[in-house]
Amino acid sequence: MEPSAIVRQVQDAGVQLITFFYCDNGGIIRGKATHAARLAGRLNSGIGLTVAMQAMSDMDRLQLVEGMGPVGEVRLMPAPDTFTILPYAPQRALMLADLMTTARQPWAACPRDFLKRMLARAAAQGLTIQAAMEPEWYLARPAGDGFAPLDETLDNHSVGYTMAQDVIDDVVAALEAQGLRVEQYYPELGHGQQELSITHADALRAADNHIIYRETVRNVAWRHGLYASFAPKPFPDQAGSGNHIHFSAWDNDGRVNLFFDPDDAHNLSQLAYHFIGGIMEHIAGLVALTCPSMNSYRRLSPGSWSTAFACYGPDNREAALRIPSLFWGSEMASTNLEFRPSDSSANPYVALAGLIAAGLDGVERSLQPSPDQRIAVDPARLSPDELARRGIRRLPTSLPEAIHALETDATLTAAMGPALANSYLTIRRADWELFSQHDAAYEVRHHFYKY
Ligand code: GLU
Ligand code: MG
């Protein structure tokens with residue numbers, strides 16, 4: 001959209017404030033707003049932001065990171081095609097921003113730019129990446145000094161539809177009004193847990209959509225007097241909330257799904273197997289990007305469908321990488337891979353970029369996934385000897401394990417670049433240091449309503 005068209009829309013709709021949002025190293029959505037009268041100028045100049053923000057832990061404790069202290073500014077530069085007037089707050093609009101240097105270059109610590117860089121690398125290989133995130137979340141009410149789930153309903157339960165109906169109808173309308181297409185909805189397993197998925201898009205758009213989605217769900221719930229929690233494990237005795245990532249690689253025209261091969265037993269191309277090979281190779285470090293919070297590791301456990309082992313398999317929901325069965329009549333279009341150890345405490349740009357970096361490494365090195373890691377059972381049912389024989393490793397069981405895997409994965413840290421990798425790892429370590437000194441209740445409380 002042209003800047004002048006955005007300004008006109010803002011004027012016509014009587015919008016007062018337009019927030020330029022970004023997602024930081026802690027997975028937190030932050031932003032600054034401009035008044036409508038100043039928008040035309042801000043679309044060109046951006047809004048200033050201290051470089052220290054990428055060194056801010058997700059409890060707002062500023063960490064020591066080279067080049068990210070009290071001196072220096074970047075600009076929040078909004079991407080015109082992300083402009084949306086907020087259906088739940090009609091005098092507000094949002095735009096998603098890149099972090100740019102004062103020399104008008106992408107800032108090396110910009111998460112959105114990390115994804116753009118990986119998409120450019122994919123494009124150089126003739127690939128465009130399509131992706132969809134599949135978020136799960138809880139509806140809750142305040143109770144005592146914490147929260148209680150909205151209801152006590154079951155998986156796909158008709159009563160769950162009833163209890164959440166008014167909120168969900170408003171969420172669907174608000175998403176559709178912003179151009180996000182709703183695919184499916186159902187009350188998930190946990191009490192008050194919901195799953196509402198939206199249609200896939202180009203990977204950058206898919207990550208942008210996830211930010212708009214989180215904003216929309218939280219705001220609509222809030223207007224119904226409810227809290228929507230995107231924490232990975234907001235209620236320790238209930239199911240965790242994943243944000244599984246579905247993805248596929250298409251040709252540069254976006255016409256042919258290059259993951260599809262009807263002659264293969266699993267309908268996957270050699271390219272798709274190279275992606276699987278790369279992801280299996282880097283999965284331990286990757287999990288630090290897709291399950292980055294302390295609370296993430298309360299979710300990732302055997303027997304909870306959140307996945308706990310580095311393996312893959314057709315329609316295997318306990319495998320880190322599921323090969324989903326295809327839909328009748330749209331076999332090529334529906335071919336994709338589902339990465340399951342991923343949750344909404346992740347920065348969606350970083351999570352997707354990491355996934356693509358790992359997959360492209362598999363392509364560049366022609367990595368083949370081990371057939372022993374392809375399994376048709378719950379890996380938790382295999383004996384330790386059998387797991388070892390097949391080379392199926394446990395995913396990191398704690399945040400420090402994941403941090404260690406990431407800092408020793410030269411492919412992933414090189415893809416991120418030193419500024420992003422250093423600041424990201426510092427923030428993750430800070431979270432570990434803080435939360436490891438406190439109990440589960442403290443951890444849950446401080447993750448509940450942050451994402
Ligand atoms: N809630 C599960 C998770 O944490 C996923 C359940 C499902 O398969 O949809 O990932
Ligand atoms: Mg689900």
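In what follows, residues are counted from 1 in the order of the sequence shown. Whatever order the structure lists them in is the order used to number ligands and atoms, beginning at 1.
- Under 4.0 Å from ligand 1, heavy atoms of S306 appear from its side chain as well as its backbone.
- Of the N or O atoms in S304, none lie within a sub-3.5 Å distance of an N or O in ligand 1.
- For the residue pair H246/N336, the side-chain donor-acceptor check at 3.5 Å is satisfied.
- Nearest N/O/S atom of E136 with respect to the Mg ion (ligand 2) is recorded as OE2.
- Remark: ligand 1 atoms within the under-4.0 Å shell around heavy atoms of E195 are 9 (O).
- Defined by atom type and a distance below 3.5 Å, a donor-acceptor pair is present between the side-chain atoms of S423 and N25.
- Protein heavy atom at the shortest distance from atom 8 (O) of ligand 1 is R340 NH2, 2.9 Å.
- Backbone and side-chain nitrogen or oxygen atoms of H244 are examined, and one is located within less than 3.5 angstrom of a nitrogen or oxygen of ligand 1.
- Using a 4.0 Å cut-off to heavy atoms of W305, the atoms of ligand 1 that qualify are 2 (C), 3 (C), 5 (C), 8 (O), 10 (O).
- Close approach of ligand 1 to E188 is summarised as follows: ligand atoms under 4.0 Å from at least one heavy atom of the residue are 6 (C), 7 (C), 9 (O).
- Of the N and O atoms on the side chains of D361 and H282, at least one donor lies less than 3.5 Å from an acceptor on the other residue.
- The closest protein non-hydrogen atom to atom 5 (C) of ligand 1 is E136 OE2, 3.4 Å.
- The atom name of the N/O/S atom in E188 closest to the Mg ion (ligand 2) is OE2.
- For S248 and W250, the side-chain atoms include at least one donor-acceptor pair closer than 3.5 Å.
- Ring pair H446/Y442: centre-to-centre distance below 6.0 Å.
- Counting backbone and side-chain atoms alike, E195 contributes an N/O/S atom closer than 2.8 Å to the Mg ion (ligand 2).
- Inspection of the S344 and H210 side chains reveals an N or O donor paired with an N or O acceptor under 3.5 Å.
- Donor-acceptor pairing under 3.5 Å is lacking for the side chains of D208 and T82.
- Ligand 1 has an N or O atom lying under 3.5 Å from an N or O atom of G240, backbone or side chain.
- A side-chain donor-acceptor contact under 3.5 Å links S345 and S293.
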